[in-house]
Asks: 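Submitted below is the structure of interest, expressed as structure tokens.
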Amino acid sequence: MKLYFAPLEGITGYLYRNAHHDHFSGVDKYFTPFLSPNQNRALNPKEIKDVLPENNKEIPLVPQILTNRGEFFLRAAQELEERYGYEEVNLNLGCPSRTVTAKGKGAGFLAEREALDCFFQEVFEKIRIRVSVKTRIGVDEPEEFRHLMKIFNKYPLHELIIHPRVQKDYYDNLPDWKAFGEAMRMSRNPVCYNGDIFTVEDFRKFRAEFPEADKVMLGRGLLRNPLLAEEIRKEVEKSDREPLADRCGEIPPDPEGAVGDEERVKAFHDRLYGDYQSVMSGEKNVLFKMKEFWVYAGHSFPGAEKCLKKIKKASRLAEYEGAVSEIWRWYR
Ligand SMILES: Cc1cc2nc3c(=O)[nH]c(=O)nc-3n(C[C@H](O)[C@H](O)[C@H](O)COP(=O)(O)O)c2cc1C
């Protein structure tokens, strides 16, 4: 089972990735939040910082590109290969945000099937490194995916990562497992599943439904519980040792979102907090980042709602630190 850390724009930049990689195991590949090449440049200074090899030492990393122009994609891929040594790039066909889709990019590109086909044709004529795709299943209706699959099947994608929601769902409704199953059957390219795996129990259900799936990308689940990939890996090892038939009903589900090792999460938090302070200017920016951290991590601390509220309200780092130390005391 391969486990990937999803790209999460504004969150999983190089500081977050390094902290996660140093404190936890279980992730086979990390993906950068999307890079947006344009006619003036392949990568902007912030994006370069995010992909620099010295900022990603020993991290298996795939840069993700958001564009609908073959020439921009190729130029960014070339720079990522020749300057920074990357051997795989990923195309974003999933971003549901209106500002992106209005320009025909991200999930918006899925509405332009002919243009998408031409894009791939242009890219695959010239590209020298591996190309993977991260996609939603359509713009409005899941039925669109059958047509999209015909396009994906024409090209040698390294991986097709499927988040089975349509653009208009954003993150509402449930991932469409029926559409994912159909895609698995139809795809000539290796498929990876992504969507709403928040706990080991969610993963068990997914694996029971799709025992043949061997790649899963985790996003918000890892933000909520940074140990999730390790926990899933243990579950896979356990179930590979024992035949499924022997275990039915034997293993109690993990308590919802529980983090097994608070000390490790605390060390991870402290590292991240320190790194943000050393790189970012101004308390406000650091506070913004850390509050976002707790929006997700807070799910793993049931009962700490009062402290989480204090974190949300903190306007100075000192206040923030006070509220966070209450959380650690609570869990000791
Ligand atoms: C805050 C946020 C930022 C995201 N940024 C990106 C991104 O840069 N590129 C991308 O392909 N998907 C992005 N996504 C989508 C996630 O990678 C993932 O597909 C989605 O969260 C569903 O997976 P999950 O249920 O495991 O979180 C983002 C999602 C969120 C919530």
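Predicted model only: the values in this text are computed from it and were never measured. Whatever order the structure lists ligands and atoms in, that order sets their numbers, starting from 1.
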Asks: Step through it carefully: locate the ring centre of F268, locate the ring centre of Y16, and say whether they are under 6.0 Å apart.
Replies: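 Yes, they do, as the ring centres are separated by less than 6.0 Å.
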Asks: Of the protein's non-hydrogen atoms, which lies at the shortest distance from atom 29 (C) of ligand 1, and what is that distance?
Replies: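 Here the closest protein heavy atom is Y171 OH, 3.1 Å.
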Asks: Which atoms of ligand 1 are found less than 4.0 Å from any heavy atom of A6?
Replies: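 What qualifies from ligand 1 is 17 (O).
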Asks: Are R224 and F293 in a cation-pi setup, meaning NZ or CZ lies under 6.0 angstrom from the ring centre and within 45 degrees of the ring axis?
Replies: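 Judged by the rule (NZ or CZ under 6.0 Å from the ring centre, within 45° of its axis), R224 is not positioned above F293.
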Asks: Could you label the plane-to-plane angle of the H269 and Y320 rings as parallel, tilted or perpendicular, counting under 30° as parallel and over 60° as perpendicular?
Replies: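 Geometry flag for Y320 against H269: parallel rings.
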Asks: Can you check whether F34 has an N/O within less than 3.5 Å of an N/O in ligand 1?
Replies: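 So ligand 1 has an N or O lying under 3.5 Å from an N or O of F34.
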Asks: Please enumerate all residues that pass ring-ring contact (aromatic ring centres under 6.0 Å, His included) together with Y170, with sequence neighbours excluded.
Replies: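 Not a single residue meets the ring-ring contact (aromatic ring centres under 6.0 Å, His included) criterion with Y170.
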Asks: With a 4.5 Å heavy-atom cut-off, do V139 and V166 have their side chains touching?
Replies: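 Of all side-chain heavy-atom pairs linking V166 with V139, none is under 4.5 Å.
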Asks: Where does E9 meet ligand 1, judged by heavy-atom distances below 4.0 Å: at the side chain, the backbone, both, or neither?
Replies: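 For E9, the contact with ligand 1 is made by both the backbone and the side chain.
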Asks: Grouping I, L, V, M, F, W and Y whenever their side-chain heavy atoms are under 4.5 Å apart, do V51 and F72 come out in a common cluster?
Replies: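 No; tracing contacts between hydrophobic side chains, which count when under 4.5 Å, never links both residues.
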Asks: Hey, what else clusters with V62 if you join Ile, Leu, Val, Met, Phe, Trp, Tyr whenever side-chain heavy atoms sit under 4.5 Å?
Replies: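 Cluster partners of V62: Y4, F31, I161, M217.
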Asks: Can you tell me if G195 contacts ligand 1 (heavy atom of the residue under 4.0 Å from the ligand)?
Replies: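 Flag set, G195 near ligand 1.
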Asks: Under a 4.0 angstrom heavy-atom cut-off, which atoms of ligand 1 come close to R220?
Replies: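 The atoms of ligand 1 under 4.0 Å from a heavy atom of R220 are 21 (O), 24 (P), 25 (O), 26 (O), 27 (O).
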Asks: Looking only at heavy atoms, is any part of F31 under 4.0 Å from ligand 1, and if so is it the side chain, the backbone, or both, or is it neither?
Replies: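 Within the 4.0 Å criterion, F31 makes no contact with ligand 1.
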Asks: Report, in ascending order of atom number, the atoms of ligand 1 lying under 4.0 Å from any heavy atom of K134.
Replies: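 In order of number, 10 (C), 11 (O), 12 (N), 15 (C), 16 (C), 17 (O), 18 (C), 19 (O).
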Asks: Using side-chain heavy atoms (C-beta onward) and a distance below 4.5 Å, is V265 in contact with P226?
Replies: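 SC-SC contact between V265 and P226 confirmed.
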Asks: Where on D196 is there a heavy atom closer than 4.0 Å to ligand 1, on the side chain, on the backbone, on both, or on neither?
Replies: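 Contact part for D196 vs ligand 1: both backbone and side chain.
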Asks: Among all protein heavy atoms, pick the one closest to atom 9 (N) of ligand 1 and tell me residue, atom and distance.
Replies: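 Going atom by atom, the protein heavy atom closest to atom 9 (N) of ligand 1 ends up being Q64 OE1, 2.8 Å.
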Asks: Taking non-hydrogen atoms only, is L8 closer than 4.0 angstrom to ligand 1 via side chain, backbone, both or neither?
Replies: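 The part of L8 near ligand 1 is both the backbone and the side chain.
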Asks: So, D275 versus Y14: side-chain donor-acceptor pair below 3.5 Å or not?
Replies: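 No donor-acceptor contact under 3.5 Å links the two side chains.
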Asks: Which of these, E159, H158, E88, sits in a side-chain hydrogen bond (donor to acceptor under 3.5 Å, both in side chains) with S132?
Replies: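 It is E88; the other options fail the test.
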Asks: Using heavy-atom distances, let me know which of P7, P175, G219 sits nearest atom 17 (O) of ligand 1.
Replies: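 Selected option, by shortest heavy-atom distance: P7.
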Asks: Around atom 18 (C) of ligand 1, find the nearest protein heavy atom and jot down its residue, atom name and distance.
Replies: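 Here the closest protein heavy atom is N194 OD1, 3.4 Å.
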Asks: Could you see which bit of H163 sits under 4.0 Å from ligand 1, with heavy atoms only: side chain, backbone, both or neither?
Replies: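 Answer for H163: side chain.
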Asks: List ligand 1 atoms under 4.0 Å from N92, heavy atoms only on the residue side.
Replies: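 Contacts of ligand 1 toward N92, numbered from 1: 9 (N), 10 (C), 11 (O).
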